[in-house]
Amino acid sequence: MLHLLDIPHDQLTAWLKAHGQPAYRAGQIRKWVFQSRAASFDDMSDLPKQLRADLAAEFTLWTTRIALHSTAGDGTEKLLLQLADGGRIECVLLRDGERRSICISSQVGCAMGCVFCASGLDGVQRDLTTGEMLEQMLRLQRLLPAEERLSHIVVMGMGEPLANLDRLLPALDAATREDGLGISHRRITISTVGLPPAIEKLIERDTRFHLAVSLHAPSDELRNQLVPVNKNIGIAPILAAADRYFTQSGRRLTFEYVLLGGVNDARQHAEQLAALLRGRTALLNVIPYNVVAGLPYRTPSAASIRQFREILERAGINVQFRERKGDEINAACGQLRRLAPANLVALDVE
Ligand code: SAH
């Protein structure tokens with residue numbers, strides 16, 4: 001069986017043609033899947049009955065099942081999805097005023113090895129397919145009441161999105177299309193550890209997205225410890241590639257900085273960071289560390305957070321402290337992992 005969400009638009013059109021159907025049926029199908037929240041081909045009531053049967057014989061709409069659905073008091077919801085091959089990933093719906101943002105994963109696990117993040121604790125198992133990334137969006141969309149729409153996407157879940165760009169871009173294309181989720185490019189953020197050749201590739205392919213670069217340290221010495229892949233990359237080439245993305249896109253860059261108590265939150269780090277970012281059209285997003293069970297890091301004190309903010313603000317850096325959302329269900333940044341804690345797996349739904 002082919003996964004419908006994994007099929008490029010022109011392939012579906014060709015299949016329809018081969019079945020004696022007009023090309024516009026592809027748009028109808030897309031609208032059913034992305035907008036009318038069809039659960040099966042049978043729901044697609046304006047398609048001929050025979051076509052619905054043919055589609056169902058050839059394609060599957062869903063390849064994942066919801067292994068766990070958690071809800072937090074702040075409106076955040078998290079899904080643990082079981083993939084067809086048994087792999088597991090997580091994705092999150094966040095509510096903030098009118099915003100309905102989702103955070104999706106791009107790989108099963110992660111190869112980057114950032115020492116404070118849960119997603120890479122067991123390395124990477126494989127890339128997600130385009131269809132599996134779209135399925136996260138659709139599963140989360142279907143948690144919303146009918147009158148609400150998804151407004152923002154962050155590719156900030158498990159995995160390194162720029163290491164899976166060829167599969168990610170078609171998924172984001174479906175998310176932006178008029179007959180898809182209709183979310184504008186500027187409301188989609190791709191978050192990367194900073195892989196310069198992949199940033200260059202993104203520049204060639206599409207510069208309409210919002211790019212966020214996970215920096216976490218103002219010097220290579222410290223970044224090499226926190227983000228091991230940095231040893232082969234270095235901060236300067238990452239900033240150069242990010243600057244080129246900005247030049248091409250005109251979109252303000254975001255730099256992310258996980259603030260780890262006693263590790264990268266000292267006065268000198270704030271000063272070095274300010275010097276590094278000065279002159280750039282960028283937003284610095286500081287994320288106080290979210291606790292990951294089994295890791296030796298701690299959330300910074302209120303006093304060190306205040307000091308960090310003051311130094312950067314005084315230096316004229318546009319800085320924002322990310323509000324913590326979803327941490328009561330381990331759905332906050334860096335807390336997504338492949339497996340739910342053993343005691344929760346017992347709650348499997350569906
Ligand atoms: N690989 C991509 C996307 C996944 S990480 C990247 O590196 O950007 C998404 C964001 O969550 C990153 O900024 C990451 O550093 C941050 N993060 C990871 N672990 C965290 C933790 N324990 N607490 C707070 N933020 C964390």
Side-chain angles (χ1 to χ4, degrees), residues 76 78 89-92 94 101-124 127-128 133 136 153-165 168 172 188-196 198-199 202 209-217 222-223 225-230 233 235 238 241-242 245 253-265 273 282-300 305 308 319-338:
T76 303
K78 182 172 80 167
I89 54 164
E90 295 190 312
C91 54
V92 182
L94 300 120
S101 308
I102 56 171
C103 175
I104 62 158
S105 294
S106 54
Q107 298 179 312
V108 185
C110 184
M112 300 300 117
C114 301
V115 296
F116 46 80
C117 179
S119 298
L121 289 177
D122 302 311
V124 68
D127 289 334
L128 290 178
M133 286 184 265
Q136 296 173 64
I153 299 177
V154 295
V155 191
M156 255 184 218
M158 265 190 180
E160 169 49 44
L162 291 193
N164 191 16
L165 196 57
L168 173 64
L172 296 183
I188 297 180
T189 301
I190 302 176
S191 178
T192 176
V193 73
L195 306 175
I199 294 174
L202 183 61
F209 301 107
H210 195 117
L211 185 69
V213 177
S214 294
L215 205 51
H216 309 318
L222 183 57
R223 195 169 194 266
Q225 293 168 33
L226 301 179
V227 182
V229 291
N230 190 65
I233 305 173
I235 292 174
I238 295 172
Y245 189 87
L253 297 167
T254 296
F255 290 98
E256 294 165 276
Y257 194 101
V258 175
L259 206 58
L260 302 160
V263 175
N264 65 356
D265 64 340
L273 186 60
L283 170 72
L284 175 66
N285 203 337
V286 180
I287 317 164
Y289 171 67
N290 294 314
V291 173
V292 175
L295 295 186
Y297 302 98
R298 58 179 172 81
T299 303
I305 293 178
F308 206 81
V319 56
Q320 173 185 301
F321 279 65
R322 188 175 295 171
E323 207 189 312
R324 179 168 306 164
K325 280 205 176 273
D327 62 337
E328 95 192 49
I329 53 170
N330 282 335
C333 292
Q335 294 182 318
L336 303 191
R337 43 168 89 218
R338 267 143 70 165

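Whatever order the structure lists them in is the order used to number ligands and atoms, beginning at 1. The figures here come from the full heavy-atom set of this structure, side chains too, leaving out hydrogens, waters and symmetry mates.
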> Under 4.0 Å, heavy-atom basis, I'd like to know which part of L295 is in contact with ligand 1: side chain, backbone, both or neither.
neither

> If you compare all heavy atoms of V193 against all heavy atoms of M112, which two are closest, and at what distance to 0.1 Å?
CG1-SD, 3.6 Å

> Using a strict 4.0 Å cut-off to heavy atoms of Y289, name the atoms of ligand 1 that fall inside it.
21 (C), 22 (N), 23 (N)

> If you have a sec, work out which protein heavy atom is nearest atom 10 (C) of ligand 1 and how many Å separate them, to one decimal?
E256 OE2, 3.8 Å

> Any side-chain heavy atom of M158 sitting closer than 4.5 Å to one from C110?
no

> Is a donor from one side chain sitting under 3.5 angstrom from an acceptor on the other, for E160 and T192?
yes

> What do you reckon, does E160 put a non-hydrogen atom under 4.0 Å from ligand 1?
yes

> Which heavy atom of the protein is the closest neighbour of atom 16 (C) of ligand 1, given with residue, atom name and distance?
V258 CG2, 3.8 Å

> Considering non-hydrogen atoms of the protein only, which is the closest contact for atom 9 (C) of ligand 1, and what is the distance?
M156 O, 3.4 Å

> How far apart are the closest heavy atoms of R223 and L215, and which atoms are they?
NE-O, 2.8 Å

> Atom 6 (C) of ligand 1: which protein heavy atom is closest, and how many Å away?
S214 OG, 3.4 Å

> Would you mind checking which non-hydrogen protein atom is closest to atom 19 (N) of ligand 1, with the distance to 0.1 Å?
G334 CA, 3.0 Å

> As an exercise, identify every atom of ligand 1 less than 4.0 angstrom from a heavy atom of C117.
18 (C), 19 (N)

> Judged by non-hydrogen atoms, does S119 sit under 4.0 Å from ligand 1?
no

> Please state which protein non-hydrogen atom is closest to atom 11 (O) of ligand 1 and give its distance, to 0.1 Å?
C333 CB, 3.6 Å

> Among all protein heavy atoms, pick out the one at the shortest distance from atom 4 (C) of ligand 1; state its residue, atom name and that distance to 0.1 Å.
G157 O, 3.2 Å

> How far is atom 2 (C) of ligand 1 from the closest protein heavy atom, and which atom is that?
S191 O, 3.2 Å

> For F308 versus N264, what's the shortest heavy-atom pair and its separation?
CE1-O, 3.6 Å

> Check whether any side-chain heavy atom of L162 sits under 4.5 Å from a side-chain heavy atom of L202, and report yes or no.
yes

> Can you sort out which atoms of ligand 1 are near V193, meaning under 4.0 Å from one of its heavy atoms?
6 (C), 7 (O), 8 (O)

> Closest heavy-atom contact between L295 and C117?
CD1-N, 4.0 Å

> How far apart are the closest heavy atoms of V124 and V108, and which atoms are they?
CG2-O, 3.4 Å

> Quick check: H216 and ligand 1, any N/O pair under 3.5 Å apart?
yes

> Which heavy atom of P300 sits nearest a heavy atom of D265, and at what distance?
CB-OD2, 3.7 Å

> Do V227 and I233 make a side-chain contact, defined as non-hydrogen atoms from C-beta onward lying under 4.5 Å apart?
no

> So which of L128, V92, V155 actually passes side chain to side chain contact (heavy atoms under 4.5 Å, CB included) with S105?
L128

> Before signing off on this row, confirm whether V292 and ligand 1 have an N or O atom pair separated by under 3.5 Å.
no

> Answer yes or no for G159: is there a heavy-atom contact with ligand 1 below 4.0 Å?
yes

